[in-house]
Amino acid sequence: QVALVESGGGLVQAGGSLRLSCGASGRTFSRYSMGWFRQAPGKEREFVGAVSWNAGSTYYADSVKGRFTISRDNAKNTVDLQMNSLKPDDTAVYYCAVQLYRGSYFEISTYDYWGQGTQVTVSS
């Protein structure tokens, strides 16, 4: 089975920064689109951002646009999420996911493999 592992989560004060990383094993994911999602306690999982496999185009939720940046390193088979100007509302478990087939970047149902998540907590 394919395994995705997120790392880099932690506790940070509002206005601070964190960099999350997603590593994949079992397959090389340089040919596939990758997405980041998050889920806060008591809320549904929501889209954060994605990067396409071919052109490297990036897409972001309005709530994080201008603050978060997705990048990928195909040689290392990793995808990073740089998070700046963090807010308490960003507190959530963050997940990376792989999209094996073409589909919407914004829908949970279009992603085929998911990591276990990493906790991000932003204090006021």
Run I70 and V79 through side chain to side chain contact (heavy atoms under 4.5 Å, CB included) and show every step you take. CA-CA 7 Å; I70 293 175; V79 176; 3.9 Å; yes
Stepwise salt bridge (Lys or Arg N to Asp or Glu O under 4.0 Å) check, K65 with D62: CA-CA 5 Å; K65 196 173 299 181; D62 289 340; 3.1 Å; yes
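Checking side-chain atoms of Q99 against main-chain N and O of S104 turns up a donor-acceptor pair under 3.5 Å.
Taking the six-membered ring for Trp and the full ring otherwise, F37 and Y111 have centroids separated by under 6.0 Å.
Heavy atoms from other residues, nucleotides or ligands lying under 6.0 Å from CD of Q116 number 12 at most.
For the pair F68/Q82, no side-chain contact is recorded, criterion being any heavy-atom separation below 4.5 Å from C-beta on.
I108 and Y94 fall into different hydrophobic clusters, where Ile, Leu, Val, Met, Phe, Trp and Tyr are joined by side-chain heavy atoms under 4.5 Å apart, directly or via other members. A continuous path of hydrophobic side-chain contacts links Y105 to W114 [ILVMFWY only; heavy atoms under 4.5 Å]. No path of Ile, Leu, Val, Met, Phe, Trp and Tyr side chains, each step under 4.5 Å between heavy atoms, connects W36 with F47, placing them in separate hydrophobic clusters. Follow the hydrophobic side-chain contacts under 4.5 Å out from V12 and you never reach V93; the two are in separate clusters. A chain of hydrophobic side-chain contacts below 4.5 Å, direct or via other Ile, Leu, Val, Met, Phe, Trp or Tyr residues, connects Y101 to V98.
Closest approach of C22 to M34, counting heavy atoms only: SG-CE, 4.1 Å. The minimum heavy-atom distance between A92 and A40, with the atom names listed, is CB-N, 3.8 Å. For the pair S17 and S85, the tightest heavy-atom approach, listed with the atom from each and the gap, is OG-N, 4.3 Å.
Tested against M83, the residues L20, T69, V64 include a single side-chain contact (heavy atoms from CB on, under 4.5 Å) partner, L20. Of the residues listed (V48, V120, V51, T118), the one engaging L81 in a side-chain contact (heavy atoms from CB on, under 4.5 Å) is V48, and it is the only one.
For R38 and Y95, the positive end is not near the middle of the six-membered ring at less than 6.0 Å and at most 45° from its axis.
Between D90 atom CG and T121 atom OG1 the span is 11.0 Å, to the nearest 0.5 Å. Distance check: N54 CG to R102 CZ gives 7.0 Å after rounding to the nearest 0.5 Å.
Donor-acceptor pairing under 3.5 Å is lacking for the side chains of S71 and D80. Counting only N and O atoms by type, the side chains of Q13 and S123 include no donor and acceptor under 3.5 Å apart. Counting only N and O atoms by type, the side chains of T78 and D73 include no donor and acceptor under 3.5 Å apart.
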